[in-house]
Amino acid sequence: MLSYPPLHPLVLPFVGLVPLAVWMSGLPEGPQGSGSARRGAALFGFLYFGLMLHWVLVALLWLTPAGVLLFALGLVLLTTLTAGFGHAFHHAVRGLGVPVWLALPALWTGLEWTRAHMPGTLALPWLGLGTTLTGFPELVGVAEIVGARGVTFWIALVNGLLACALLDRMGAERPKAGGNRWAIYLAAALLVTAAPMAWGVRRAMSLETWSAGRVAILQPDVPQRIRLDTALVRDSTLAALDRLVPLVAPSSARLAVLPEMVLPMEPERAEYAADVARLKSHAREMGAPVLFGARGRQLQDGEAGHPLNSAFLVDPQGLADYRYDKHRLVPMVERTLMLPVLPGWLRPAGDFAPGDQWSLADVDGIAYGALICFESSFADVGRALRNAGADVLVNLTNDAWFGREPAHARTVALWQHPAHLVMRAIENRVGVVRAANTGLSWVVHPSGRVVGSIGLFEEGVRVLEVETTDIATVYARVGDLVGNTSAVVLLLTLVAAWGDARRRSRGGVPRGRLGS
């Protein structure tokens, strides 16, 4: 918890897994040891995810009285996954003889991949270990090669090497003849830590960027209690835009950006023509088209189907021929089909359909790819939009769910959510714009550095230059090789552990250690 935003301690991520790894490595072989590993890892997961994701309960209670139950179910799932990691780690180290320094990064990264690829809306890639270093973006430049989960592997690898050094120093490992291995492990940990950092700093200093023009970010700061009232949110938002738009000098920006679901309307339907006309008037006044979030509608056999969380573009002539529909829907909030056993009165209000196209908004030859809200945490969404031709990524979001204006009423999600965009910028070496209803709104340089932030719970405007690159990064081209490989390793280790357990139950002899 202390390693994640808004805190950015540089050292803690590199040592945070050491106690768990050392403890599990010292457990005995066999069912007793594996059972202890599962229980210990489950307790670790319960505390880890419970503290990191406590804000989920706050967000869910805005929507449904079942918020406590839904949060508990999610926490049980994450705790179970972490118990599986503990079981796999114990079997790898104590059963197969895999070195701690290798087992820890492979299996922890496999755990991270697994929770990001759960079926349907259960997927939760929120705050991987790699995201802990977003306060020092130059140091994680290696993400352009290996992605955010590759950074997780790197950090966990350092943890594993330090755990080995500690185990050897404690006498838990047999020293090599002629020397102490703990010093070798420690030297390796220092080298593995420093080398990617040095490369990242040098890479950030040598990036060749070009200007995609200036973007106006408008932050209306409409509280969540108002957004839950359809009539009130419309009036409050339009009043905020009437105050903010005149602050943008005519033709000073190539594009103006508004947050997710900025108005409770479906722009493509005639009954909302007046609201679209208001936005068209604002686009004319600013001399720039407006990218904004609103509700789309799925068509099924020519008839209206499920709603869509969408991004639209309106220019001085009217609604443009562009719509991007959100692919990754928020678990338990935007998609309720995963909860068929709950009675209707307990379910969240949303039942959105996922999008199926990677649409881009073209403005004066610059292609903008929209990520809506939660999609910023999915590396594959940013990568897909970049590979589709996006010159700039734009995140439209509403984080009013995550707290209120008084300092004591704010949750860490207000800082956790935008941190993902630092990784998206580095992975793809692309400029990123963030427009959030209540903040934080900003621009991210391809190096990962944040520019021109509008603070939390402030009404405001920023007109900012957006830098980007033409670099086709290794990660953008080949994808999450580190994460995919680690997931396979985790699966194979669990299968091996299951096979050994079956042999024991039949009175057979389990497989020995590697190399024995």
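The basis for the numbers below is simple: all heavy atoms, side chains too, and nothing from hydrogens, waters or symmetry mates. Since the structure is predicted, the reported quantities are computational estimates derived from the model, not experimental observations.
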Does [X] reach the side chain of [Y], with side-chain heavy atoms less than 4.5 Å apart?
X: P250; Y: M286; result: no
X: V248; Y: V461; result: yes
X: V433; Y: I217; result: yes
X: E467; Y: S211; result: yes
X: L10; Y: F136; result: yes
X: V363; Y: R254; result: yes
X: W442; Y: I454; result: no
X: F374; Y: L329; result: no

**Report entry** Any donor-acceptor N/O pair, D399 side chain to F402 backbone, under 3.5 Å
**Finding:**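 Not at all, since once roles are kept as given, no pair shorter than 3.5 Å links the two residues.
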Query raised in the report: Do H420 side-chain atoms and L127 backbone N/O form a donor-acceptor pair below 3.5 Å?
Result: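 Yes, because the side chain of H420 sits within donor-acceptor range (under 3.5 Å) of the backbone of L127.
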Requested in this report: Under the ring pair (Phe, Tyr, Trp, His ring centres under 6.0 Å) rule, collect the residues that match up with F457, sequence neighbours excluded.
Outcome: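 Listed in chain order: nothing, the list is empty.
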Query raised in the report: What residues, two or more places apart in sequence or in another chain, satisfy ring pair (Phe, Tyr, Trp, His ring centres under 6.0 Å) together with W415?
Result: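 With sequence neighbours excluded, W415 shows a ring pair (Phe, Tyr, Trp, His ring centres under 6.0 Å) to no residue whatsoever.
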Query raised in the report: Is the H117 ring parallel, tilted or perpendicular to the W113 ring (thresholds 30°, 60°)?
Result: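 Rings of H117 and W113: parallel, as their planes differ by under 30°.
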Query - Aromatic ring pairing H327/W358, orientation class (parallel under 30°, perpendicular over 60°, tilted between) - result: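 H327 and W358: parallel rings.
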List, one per line, each side-chain donor-acceptor pair under 3.5 Å for residues 72-80, sequence neighbours excluded.
from: T79; atom 1: OG1; to: L75; atom 2: O; distance (Å): 2.8
from: T80; atom 1: OG1; to: V76; atom 2: O; distance (Å): 2.7

Query raised in the report: Counting only heavy atoms not in R404, do more than 12 sit closer than 6.0 Å to its CZ atom?
Result: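 It does not: R404 CZ has 12 such atoms or fewer within range.
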Report task. Answer yes or no: is there an ion pair linking E138 with R449, defined by an N-O contact shorter than 4.0 Å? Result ->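 A salt bridge is present here (some side-chain N lies under 4.0 Å from a carboxylate O).
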Requested in this report: May I ask you to decide whether D315 forms a salt bridge with R284, counting only side-chain N to carboxylate O separations under 4.0 Å?
Outcome: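 No, this pair does not count.
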Query raised in the report: Does a donor on one side chain and an acceptor on the other come within less than 3.5 Å for R434 and H417?
Result: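 Checked: R434/H417 side chains pair up, N/O donor to acceptor below 3.5 Å.
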Query raised in the report: What closest approach, in Å, do R297 and R323 show between heavy atoms, and which atom pair accounts for it?
Result: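 For R297 and R323, the tightest heavy-atom pair comes out as O-NH1, 3.7 Å.
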Requested in this report: Would you please test F44 and L17 for side-chain contact (heavy atoms from CB on, under 4.5 Å) and show each step?
Outcome: CA-CA 10 Å; F44 178 86; L17 295 176; 3.9 Å; yes
